[in-house]
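Fair warning: this is a prediction, and the values are worked out from it, not measured in the lab.
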Amino acid sequence: RLTRLLCSCGANKLGVIAMRIGVPKEIKIHEYRVGLIPAAVREITQAGHKVFLETSAGIGSGFDNASYVKAGATILETAEEIFGEAEMIVKVKEPQEDERKLLTPEHTLFTYLHLAADKKQTEDLISSNSTCIAFETVTDDQGSLPLLTPMSAIAGRMSIQAGAHCLETRQGGAGVLLAGAPGAEPGRVVVIGCGVVGSNAVEIAVGMGAEVIVLDRDQKTLDSIDEKYSGKVKTVFSNENDLVSE
């Protein structure tokens, strides 16, 4: 979806596309993703755009420079060069302070921003006079969030994996096996709110064999969960009393 959106950008009245897109290497700690994978770069360059990639930006995601060159990207050595060449900057995480200093009024920044919890970033972006588009606020014609939804699905699925790991005794947990075992009851998973994150958490928890309880305030959602899992998931209409007791 992001690739299709980028391919549609920059067309003038004659249909000529000439957007210069820069992909810097992510510098936020423990961020290994990259703004564009080679397959996306190929589609974008074939649509008439130019893509500039900071060297080794894709390594953390398993893509070397050669794969990007083959897809049509130009490799540059530094973030400063990327920002200097590009009109649009495509990232994954919010720009760090050193990156924000490189933004100018000529730039369009496209990334996750999550500004509500980051006043300093908000002030810096305003001061840069750049155009900043947050992935998490892009809305389609149906009112959904096509760029945020996939990340929410991943977060929901990972939550059960991470929770199961933390339940291990050597991690300081209670030594509970979510799937249970012959002679031992399965662990209990309570999901509060069954939107994109919650529904994906339920799917993984059920798949692991855990006892799953879902609380939500939408009866249609509870009905859908009950039907999907043939009654194997306990559904509760959420209220303060049940939140405490469950």
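- With rounding to the nearest 0.5 angstrom, the OG atom of S224 is 11.5 Å from the CD atom of Q219.
- At most 12 heavy atoms of other shown residues, nucleotides or ligands fall within 6.0 angstrom of atom CD in E185.
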Subject >> Criterion side-chain contact (heavy atoms from CB on, under 4.5 Å) on E26 and R33, from CA distance to verdict >> reply: CA-CA 7 Å; E26 297 294 325; R33 292 173 292 180; 5.6 Å; no
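- Of the inter-residue distances, the one linking N65 atom CG with I59 atom CD1 reads 6.0 Å to the nearest 0.5 angstrom.
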Subject >> salt bridge (charged side-chain N to carboxylate O under 4.0 Å, His left out) assessment of K91 paired with E99 >> reply: CA-CA 11 Å; K91 286 176 42 61; E99 295 172 310; 3.3 Å; yes
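- R20 and E87 are not joined by a salt bridge, as no carboxylate oxygen comes within less than 4.0 angstrom of a charged side-chain nitrogen.
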Subject >> Check against side-chain contact (heavy atoms from CB on, under 4.5 Å), E203 and K228 >> reply: CA-CA 10 Å; E203 184 167 345; K228 180 175 181 179; 3.8 Å; yes
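- Residue L102 shares its hydrophobic cluster (ILVMFWY side chains chained together at separations under 4.5 Å) with F52, L76, I82, F83, I89, L103, L109, L113, L115, L125.
- Here the side chain of S159 pairs a donor or acceptor atom with the backbone of G156 at under 3.5 angstrom.
- Side chain of S127 to main chain of E123: a donor-acceptor pair is present (N/O by atom type, distance under 3.5 Å, no hydrogens or angles).
- Under the 4.5 Å side-chain criterion, counting only non-hydrogen atoms from C-beta, I160 is in contact with M208.
- Counting non-hydrogen atoms of other residues, nucleotides and ligands closer than 6.0 Å to CD of E227 gives a total of 12 or fewer.
- Listed here is the closest heavy atom pair of S199 and V196: OG-O, 3.2 Å.
- Side-chain contact, Q142 with S144: no donor N or O sits under 3.5 Å from an acceptor N or O.
- Within the 3.5 Å criterion, the main-chain N or O of D64 finds a donor-acceptor partner in the side chain of S67.
- Taking 4.5 Å as the limit, some side-chain heavy atom of Y112 sits within range of a side-chain heavy atom of M151.
- Heavy-atom minimum distance, V90 versus G35: CG1-O, 3.9 Å.
- Using a 4.5 Å cut-off on side-chain heavy atoms (C-beta onward), V202 and Y229 make contact.
- E81 contributes a side-chain N or O that, together with a main-chain N or O of T78, makes up a donor-acceptor pair within less than 3.5 Å.
- Side chain of R157 to backbone of N200: no donor-acceptor contact under 3.5 angstrom is found.
- Between I213 and R188 there is a side-chain heavy-atom pair separated by less than 4.5 Å.
- Using a 4.5 Å heavy-atom threshold, the side chains of S56 and K25 count as touching.
- In this structure, the side chain of T169 does not engage the main chain of L167 through any donor-acceptor pair within 3.5 Å.
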Subject >> Residue pair D98, K101: steps toward the side-chain contact (heavy atoms from CB on, under 4.5 Å) verdict >> reply: CA-CA 5 Å; D98 287 346; K101 293 176 182 178; 4.1 Å; yes
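- The shortest side-chain heavy-atom distance between I21 and L36 falls under the 4.5 Å cut-off.
- Annotation: the span from E31 atom CD to K93 atom NZ amounts to 6.5 Å, rounded to 0.5 Å.
- Without hydrogens or angle criteria, T104 side chain to E106 main chain gives a donor-acceptor distance under 3.5 Å.
- Of the possible donor and acceptor atoms, one in the side chain of D216 sits under 3.5 Å from a partner among the backbone N and O of C194.
- Atom CD of residue Q171 and atom NE2 of residue H165 lie 3.5 Å apart, to the nearest 0.5 angstrom.
- Between T235 and D226, the closest heavy-atom pair is CG2-N, 4.4 Å.
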**OP:** Check the pair Q46, R42 against side-chain contact (heavy atoms from CB on, under 4.5 Å), reporting the backbone distance first and the verdict last.
**Re:** CA-CA 6 Å; Q46 287 178 348; R42 181 174 293 106; 3.5 Å; yes
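- Once rounded to the nearest 0.5 Å, the distance linking OG1 of T139 with CG of L147 reads 9.5 Å.
- The local environment of NZ in K120 is crowded, with over 12 non-hydrogen atoms from other residues, nucleotides or ligands closer than 6.0 Å.
- Listed for the S61 side chain is a donor-acceptor partner under 3.5 Å among the backbone atoms of Y32.
- From H114, atom NE2 reaches atom OG1 of T137 across 10.0 Å, with rounding to the nearest 0.5 Å.
- Between F237 and D218, the shortest heavy-atom distance links the atoms CE1-N, 4.3 Å.
- When all heavy atoms are compared, the tightest approach of P186 to G209 is CB-O, 3.3 Å.
- Of all non-hydrogen atoms in F63 and Y68, the two that sit nearest each other are CB-CE1, 3.6 Å.
- V190 and I204 are assigned to two separate hydrophobic clusters, defined by single-linkage of ILVMFWY side chains at heavy-atom distances under 4.5 Å.
- Distance alone, capped at 3.5 Å, is enough to place a donor-acceptor pair between the Q96 side chain and the E94 backbone.
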